[in-house]
Amino acid sequence: MINLTIDNKSIVVKKGTTILEAAASIGVDIPTLCHMHLHDMNIENKPGGCRVCVVEVKGRRNLAPACCTEATEGMEISSHSIRAINARRTIVELILSDHPSDCLVCAKSGNCELQDLAHHLGIREIHYQGEQSHYREDTSPAIIREMDKCILCRRCETMCNEVQTVGVLSTINRGFEAVVSPAFEMNLDHSSCTYCGQCVAVCPTGALTEVDQTGAVIRALSDPEKTVVVQTAPAVRAALGEEFGLPAGTLVTGKMAAALRRLGFNYVFDTDFAADLTIMEEGTELLERLNKYLAGDQNVKLPILTSCCPAWVKFFEHHFPELKDIPSTARSPQQMFGSIAKTYFADKMQVKRENLVVVSIMPCVAKKYESSREEFSVDGNPDVDYALTTRELAQLINLANIDFKSLPDEEFDQPLGESTGAGVIFGTTGGVIEAAVRTAYEVQTGKSLDRLDFEELRGMEGLRKATIDFDGLPINIGIAHGLGNARKLLEEIKNGKSEFHAIEIMSCPGGCIGGGGQPYHHGNVEILKKRQKALYAEDQSKTIRKSHENPYIKKLYEEFLGEPLSDKAHHLLHTEYFD
Ligand code: HC1
Ligand code: SF4
């Protein structure tokens, strides 16, 4: 063990502990713009690049970067000496000297770590003004790269390369010309980027942000010709409150519905309804494949993989095209909702397709890309017109001067607003497969489940497995969240070593609760756990907790779709994948 003092406080730490970690353990906050530690995944970004964390170590001539200097026996550290503060101010001024000063109109204003730090350090003047470097802006269907705002913290690289193993981002060029870029400086939409948004989630500045669609939604809401419906993803209700100062894990389902109504949406619906519909289709597909396999069909593709996460879909299309007939063909709930809204619901309301605008509120930036995929449109009219992130919804609520915390709880509209507990838990890792099990068990065995909480499928471990007994038939289930973990399961399938019948994959750590469009959580898994708990609580509070018991889903099949996997269902609710 190592004995040292930080700001005159004695402390004992394990060998190998950095000064930054030692300080954090006694509540001393040393600022940094680049450091990021994802403890649960044992992944750390510590390039020592920003140098903002410099501290004074007694007896040393130079200041030491706290994030990559190990604590040693007898060290006496001053984290906020005049010398350290002055150096920090100079470093931040130097960063600002090559940073656009358009904070007033920057998408990240108010959420920017560099802006916060400049404020914290009382910087009122930049003494080192020089010529600024310029790099072209790169706009994709989901993400905007403004590399003039990149401070080379390299957090995005860690997310893309180590956590997601997509490998799109790396630093190129030198000096003022250095930027983080896909290979050959191609634009993101020409690369194999999945739009998972995990790079956006950790970017400390406005270098990586989501495409802003709030203006287009406001225009639709003010167009008297349009009927505008909104759907809200499961994970949004467990995080939106954070944007208004409520503690992580506060469920705001009712307030969210009320806010959307006050914003002027004509119908406030729920993606959870479509999550129930997804279970009907995906669950039936699972059972169909399983029963063929049990009947001795050697050609049947197992395990079946969930397909509701668009970044995951793009990942296997790019990286495992040879496995593209293994995932379920079911569209995601977002897209099923859009498809049903613009057919079944539009017909009911006697609204022409082109006058019905479908807006989604999603925890995810990849949903913007998903809704723009050509196969999800009819004659150029998309099933889902706009997909806003949770953060964009908060922005609209603020813009409309709605006092969110004082709103009453309101209900969703019907018929596309009714959901079961199974639909709610889609928003967390493990939830989609648990929802599928609740339905598949009862359909397969013809028996009622005597329990609905499958604890063995829950948790935050990146890779999990469990065997569920389907009345004597053991069903092996795998769960992965984070694309790096998904890659491991896909390699097993590719090598013919997979033991699973069904696998749930979500791209973002934690599932959608940790999506790239959620309130920034800075890699803090405790926040994710609170959001997860909130979703399980909403599931518990529901009278109906199995998708196949949703009365409006039953009615939809009776009135419109016929059976799960019917021709009509195939046409409207399923898709194919591309290399
Ligand atoms: Fe998700 Fe899904 S759970 S993908 O995470 O299947 O985004 O929340 O809406 O579509 O329902 C996201 C969340 C979401 C879909 C559902
Ligand atoms: Fe990589 Fe995901 Fe960012 Fe694309 S969105 S660059 S895949 S981290």
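Treat the numbers as computed from the prediction; the structure is a model and nothing was measured. Along the sequence shown, residues carry numbers from 1. Order of appearance sets the numbers: ligands from 1, and atoms from 1 within every ligand.
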Next item on the list: Identify the protein heavy atom lying closest to atom 2 (Fe) of ligand 2, giving its residue, its atom name and the separation to 0.1 Å.
Entry: Cys196 SG, 2.4 Å
Next item on the list: Provide the number and element of each atom of ligand 1 under 4.0 Å from a heavy atom of Cys364.
Entry: 7 (O)
Notebook entry, point to check: Counting each atom of ligand 1 from 1 as listed, which ones have a heavy atom of Met362 under 4.0 Å away?
Noted result: 7 (O), 9 (O)
Item checked: Identity and separation of the nearest protein heavy atom to atom 5 (S) of ligand 2 -> Gly197 N, 3.2 Å
Note to self: Which residue and atom name correspond to the protein heavy atom nearest atom 4 (Fe) of ligand 2, and how close is it?
What the structure shows: Cys193 SG, 2.3 Å
Next item on the list: Using a strict cut-off of 4.0 Å, indicate which atoms of ligand 1 neighbour a heavy atom of Phe426.
Entry: 3 (S), 6 (O), 11 (O), 16 (C)
Check: Do Phe273 and Phe337 have their ring centres less than 6.0 Å from each other?
Finding: no
Next item on the list: Measure the distance from atom 8 (O) of ligand 1 to every protein heavy atom, then report the residue, atom name and distance (to 0.1 Å) of the closest one.
Entry: Ala235 N, 2.9 Å
Notebook entry, point to check: What atoms of ligand 2 come within less than 4.0 Å of a heavy atom belonging to Leu169?
Noted result: 6 (S)
Note to self: Heavy-atom pairs closer than 4.0 Å: do any link ligand 2 to the side chain of Thr194, the backbone, both, or neither?
What the structure shows: both
Note to self: Heavy-atom distances under 4.0 Å decide this one: backbone, side chain, both or neither, for Val200 against ligand 2?
What the structure shows: neither
Margin query: Out of all atoms in ligand 2, which are within 4.0 Å of some heavy atom of Val166? Include the element for each.
Written below: 7 (S)
Next item on the list: Taking only heavy atoms of Ala275 into account, list the atoms of ligand 1 that are under 4.0 Å away from them.
Entry: 11 (O)
Margin query: By the definition side chain to side chain donor-acceptor pair (under 3.5 Å), identify the one residue from Gln395, Gln518, Glu242 that meets it with Thr390.
Written below: Gln518
Check: Just wondering, more than 12 heavy atoms not from Glu456 lying within 6.0 Å of its CD?
Finding: yes
Margin query: I need the atoms of ligand 2 closer than 4.0 Å to a non-hydrogen atom of Tyr195, numbered in the order shown.
Written below: 4 (Fe), 5 (S)
Item checked: Lys314 charged N/C atom sitting above Tyr195 aromatic ring, 6.0 Å / 45° -> yes
Check: Picking from Arg155, Lys149, Lys108, what satisfies salt bridge (charged side-chain N to carboxylate O under 4.0 Å, His left out) with Glu113?
Finding: Arg155
Notebook entry, point to check: Does Gly427, backbone or side chain, put an N or O under 3.5 Å from an N or O of ligand 1?
Noted result: no
Next item on the list: Under 4.0 Å from a heavy atom of Thr271: give me the atoms of ligand 1 that qualify, with their elements.
Entry: 9 (O), 11 (O)
Notebook entry, point to check: For ligand 2, does Ile143 get within less than 4.0 Å through its side chain, its backbone, both, or neither, judged by non-hydrogen atoms?
Noted result: side chain
Next item on the list: Flag this pair as yes if the NZ/CZ of Lys324 is under 6.0 angstrom from the six-membered ring centre of Phe316 and inside a 45 degree cone about the axis; otherwise no.
Entry: no
Check: If you measure from atom 6 (O) of ligand 1 to every heavy atom of Cys308, Gly517, Cys309, which option wins on shortest distance?
Finding: Cys308
Note to self: Tell me whether the count of non-hydrogen atoms from other residues, nucleotides or ligands lying under 6.0 Å of NZ in Lys546 goes above 12.
What the structure shows: yes
Next item on the list: Give the atoms of ligand 1, by number and element, whose distance to some non-hydrogen atom of Lys367 is under 4.0 Å.
Entry: 4 (S), 7 (O), 10 (O), 12 (C), 15 (C)
Check: atom 2 (Fe) of ligand 2 to Cys199: any N/O/S contact under 2.8 Å?
Finding: no
Checklist line | Lys368, Arg391, Lys367 screened by salt bridge (charged side-chain N to carboxylate O under 4.0 Å, His left out) with Glu210, the one that passes | finding: Arg391
Next item on the list: Compute the minimum heavy-atom distance from Pro363 to ligand 1 and say whether it is under 4.0 Å.
Entry: yes
Next item on the list: Start with the C-alpha gap between Glu288 and Lys301, add the side-chain angles, then the distance that decides, and say whether salt bridge (Lys or Arg N to Asp or Glu O under 4.0 Å) holds.
Entry: CA-CA 11 Å; Glu288 200 172 70; Lys301 305 284 182 194; over 6 Å; no
Margin query: Just checking Tyr267 against Phe345, ring centres under 6.0 Å apart?
Written below: yes
Margin query: If you compare all heavy atoms of Ile151 against all heavy atoms of Pro204, which two are closest, and at what distance to 0.1 Å?
Written below: CD1-CG, 3.9 Å
Notebook entry, point to check: With a 4.0 Å heavy-atom cut-off (strictly under), which part of Gln334 contacts ligand 1: side chain, backbone, both or neither?
Noted result: both
Checklist line | N, O or S of Cys160 under 2.8 Å from atom 1 (Fe) of ligand 2 | finding: yes
Check: What's the shortest heavy-atom distance between Arg331 and His571, and which atoms?
Finding: NH2-O, 3.1 Å
Check: If you look at every heavy atom in Val202 and Cys156, which pair is closest and at what distance?
Finding: CG2-N, 4.1 Å
Notebook entry, point to check: Counting only heavy atoms not in Glu374, do more than 12 sit closer than 6.0 Å to its CD atom?
Noted result: no
Margin query: As a check for students: among Gly431, Pro333, Pro234, identify the option with a heavy atom nearest to atom 14 (C) of ligand 1.
Written below: Pro234
Check: Can we call the ring centroids of Phe269 and Phe412 under 6.0 Å apart?
Finding: no
Check: Mind checking whether atom 1 (Fe) of ligand 1 has an N, O or S of Cys512 under 2.8 Å?
Finding: yes
Next item on the list: Output the list of atoms in ligand 1 that are nearer than 4.0 Å to some heavy atom of Ala233, sorted by atom number.
Entry: 8 (O), 9 (O), 13 (C), 14 (C)
